[in-house]
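Some notes on the structure that comes next.
Below, chains carry the letters A, B, ... as their sequence lines are ordered, and counting in each starts from 1. Note that these values count all heavy atoms, side chains included, but never hydrogens, waters or copies made by symmetry.
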Amino acid sequence: MPIIRKIMMCIAFSLILAVTSMINFAMAVVEIDITKGNIEPLPIAIADFLGSGKQRGIADDIGRVISSNLKNSGIFKPIDKDAFIQKIKDSNIVPRFEDWRVINAQALVTGRIVRENDGRLKVEYRLWDVFGADEMASQQFFTTPRNWRRIAHIISDAIYKRLTGEKGYFDSRIVYVDETGPKNKRVKRLAIMDQDGANRKILTRGSDLVLTPRFSPSRQEITYMSFEGGQPRVYLLQIETGQREIVGNFPGMTFSPRFSPDGQKVIMSLQIDGNANIYTMDLRSRKTTRLTNTAAIDTGPSYSPDGNRIVFESDRGGRQQLYVMSANGTNTQRISFGNGRYSTPVWSPRGDLVAFTKQSGGKFLIGVMRPDGSKERILTEGFHNEGPTWAPNGRVLMFFRETRGEDGGPRLFSIDLTGYHERLVPTESYASDPAWSPLLD
Amino acid sequence: MKIGVVISSTLHATILTWGLWNISAPKPFEVAKVETLSADFIPFDEFTRSVEGDANARKREKPAPKETKNPKEREPAKNTGDTKIDIKTKSKAPPKPEQVEVSAPPPSAEVSEPTPIIKAKAQPEKSSKETPVPTNEISSLNEPPKPVNSETLEDSPAKADAGQKSAKLPEQAPLPVLRPKPPKAKTAKTKQRKKPDEIKKAIEKASAKKVEPSNEDKIAALLNKKDPSATGKKRTTKKASLGSEKSNSSAKLSRGEMDSLRGAIEQCWTVPAGLSEIEDMRVTITMNLAKDGSIEGSVDIKATGGQSQTRRAFAESARRAVLRCAPYNLPKAKYDTWSQVVVNFDPSQMF
């Protein structure tokens with residue numbers, strides 16, 4: 001008994017000691033809550049990529065493309081090279097971090113290009129955490145010299161992913177409607193380019209009006225609407241071969257097409273008489289299925305990334321509003337309840353948001369809301385904004401904005417989800433109806 | 001008509017001209033240029049600590065109001081008597097009260113019961129011879145004992161008790177309340193037992209000479225109820241000082257200092273805007289700081305919420321923030337307070 005009592009006493013005593021020491025510890029600590037920060041872009045230093053001889057030029061180009069990609073994302077701010085203190089001579093040696101801290105670089109990219117014996121290029125990069133004095137990532141790629149731009153995009157994506165935790169979107173393309181000529185006699189052609197505006201290529205001749213091109217999620221394929229033959233029809237176009245075909249053999253006009261997430265189906269509107277309903281067509285079996293059956297105009301369908309639900313616009317309630325239904329056409333629910341008219345809904349590739357165009361107060365707004373209709377947020381507004389499309393990572397939207405007047409015309413813009421970073425996407429001529437491709441493989 | 005117009009226009013012109021000069025714009029309100037004062041808000045307890053001290057003393061390291069001294073321990077009771085306090089002076093007054101007690105325990109209100117009984121047994125014969133004078137004198141001070149004394153002197157203790165009970169009952173009514181003090185009685189008892197001769201002598205002396213000192217002592221004791229060494233402040237052995245030269249090391253960081261620390265980190269923190277589920281993510285960084293404000297060792301990072309990739313990016317952004325902000329400019333005097341800093345990053349309110 002006395003032993004047990006002693007043990008008990010010992011335990012009690014040590015407990016008291018522990019508690020008192022914890023109290024002392026707690027008293028010596030300052031605790032603060034940081035609930036806001038600075039939403040300025042992250043300063044990043046992109047040192048010149050090293051390369052000798054012919055590779056010198058490519059090395060510079062790669063550095064420049066990476067820098068411009070990161071800058072355009074709005075999340076990074078590449079530091080002017082003139083401010084650099086250390087000149088990187090060997091990308092395999094740990095840089096002098098203090099030199100980079102002085103110019104307030106939070107991350108540093110170094111790299112080099114070597115020509116292999118078989119003529120290919122070896123491009124390698126390293127990403128350094130300047131304040132943590134650590135290497136965050138490093139990779140090397142082998143490719144033909146012609147492909148240097150893609151390598152630059154891939155490296156940009158890797159840096160973006162490492163620093164933001166999100167997938168990048170730089171190694172992707174945009175298909176859009178290229179517009180030339182005077183306003184009353186516009187020539188509209190399908191065009192494709194890299195997301196940064198490089199490598200533009202015209203896909204159609206421009207003899208017929210084309211609208212709403214959409215990328216296939218799985219193949220180098222586009223679906224779009226064309227007035228070829230006088231009646232608007234949905235077409236399918238192979239980008240590489242230029243081969244075209246009409247989707248479905250419908251009696252009326254079809255419009256507003258989009259691929260299903262697996263790329264196996266095209267969903268679109270078919271108008272007969274005054275009302276339009278939503279149909280899908282299986283690209284393999286060519287089988288069509290009707291999903292809605294109302295006396296209203298149901299259009300602009302877009303699948304959720306898991307393919308289980310569809311968001312679309314409909315005026316069945318009197319005004320254009322957004323609705324969500326199951327992929328088989330049941331369980332329809334209205335999700336937009338704000339003032340104004342909602343149109344062109346697009347489900348984010350991440351599934352968390354639906355982007356839309358909203359007409360309200362004489363303006364066109366681009367906004368996002370959750371698929372249940374909550375948390376509506378307007379990202380930008382103006383005289384005429386329309387047709388949002390999601391970047392592959394679901395963090396950036398591209399849309400077109402039309403300017404007023406005789407000489408006015410549409411231009412492409414991108415904006416990130418915070419609404420802070422809006423920028424013009426450079427195109428050679430007017431451009432509308434952009435559609436973002438998935439990441440290239 | 002014309003005259004009217006002329007008069008009217010003249011008067012109007014006069015009034016307008018007068019008004020032009022006299023009812024002009026008021027003088028601009030001039031504000032004296034005053035330099036702005038920066039105010040720092042500190043918590044009450046810190047203020048209290050910083051100003052505590054003795055206004056007449058000089059500054060020392062730590063503020064202390066007044067040097068306190070150990071209260072002199074009271075010596076164990078040497079004397080017994082009906083005073084509450086041991087009297088230092090060598091007056092032999094106490095023994096007299098003993099006598100009183102012996103004869104009449106109840107009236108000597110302060111003395112507890114047991115003693116008298118013992119005394120009564122031990123001393124009746126001795127005291128009976130010499131008591132008369134003292135008893136009388138004491139009785140002159142304390143009215144009630146008087147009759148009792150006389151009785152006890154005459155009778156045997158047992159009788160005296162009986163007599164008391166019968167005769168003085170009403171006066172003794174409060175007695176029972178005072179009973180529960182046996183320890184005192186014990187000491188008194190033992191002392192007395194040890195030295196009966198001394199007591200005897202003392203009684204002789206006291207009875208032979210004046211009893212005035214005991215009166216004075218009593219009065220002094222009555223007046224001086226408060227123990228001089230017992231002050232409200234806790235004891236300290238530090239020298240009295242006026243405030244402290246450096247601020248109290250146990251003081252907390254003031255609100256202003258906390259705000260500036262927070263502001264600095266907020267400035268250093270580049271929030272990875274647009275991260276998915278950023279509002280659900282939290283990062284807690286614990287860092288140990290050296291006295292110069294630099295970070296000692298590596299920082300401890302705990303992140304919750306979001307996907308693993310985005311969580312890592314978010315945690316790294318927080319780490320960059322604290323690393324970038326170092327060294328921290330914090331008051332060196334309060335180093336004990338900020339030797340460890342915990343920073344909670346919570347972006348839920350940002351977006």
When rounded to the nearest 0.5 angstrom, what distance separates CD in B/E266 from OG1 in A/T35?
5.5 Å
To the nearest 0.5 Å, what is the distance between CD1 (B/I265) and NZ (A/K36)?
13.5 Å
Crowding at NZ, B/K291 (>12 non-hydrogen neighbours, <6.0 Å)
no
At a 4.5 Å cut-off on heavy atoms, which part of B/R262 comes close to chain A: side chain, backbone, both, or neither?
both
Contact class of A/R377 relative to chain B, heavy atoms under 4.5 angstrom
neither
Other residues, nucleotides, ligands: >12 heavy atoms within 6.0 Å of A/D33 CG:
yes
Would you say that more than 12 heavy atoms from the other residues, nucleotides or ligands in this model lie under 6.0 Å from the CD of A/E422, or not?
yes
Side chain, backbone, both or neither: which part of B/R324 has a non-hydrogen atom closer than 4.5 Å to chain A?
both
Test item: B/R320 and A/L163 side chains (from C-beta on) under 4.5 Å apart, heavy atoms
yes
If you measure from CD1 on A/I34 to CG on B/L261, what distance do you get to the nearest 0.5 Å?
7.0 Å
Heavy-atom distance under 4.5 Å between the side chains of B/T270 and A/L42, does that happen here?
yes
List the atom of A/G37, the atom of B/V271, and the distance in Å for their closest heavy-atom pair.
CA-CG2, 3.6 Å
Interatomic distance, B/F345 atom CZ to A/I32 atom CD1 [nearest 0.5 angstrom]
7.5 Å
Is a side-chain donor or acceptor of A/N38 paired with a backbone partner of B/Q267 at a separation under 3.5 angstrom?
yes
Counting only heavy atoms closer than 4.5 Å, note whether A/N393 contacts chain B via side chain, backbone, both or neither.
neither
A/F131 CZ to B/I295 CD1 distance, which is reported to the nearest 0.5 Å:
11.0 Å
I need the B/L253 CG to A/E31 CD distance, nearest 0.5 Å.
13.0 Å
For A/E40, which atoms come within 4.5 Å of any heavy atom of chain B: side chain, backbone, both, or neither?
backbone
Using side-chain heavy atoms (C-beta onward) and a distance below 4.5 Å, is A/R162 in contact with B/R312?
yes
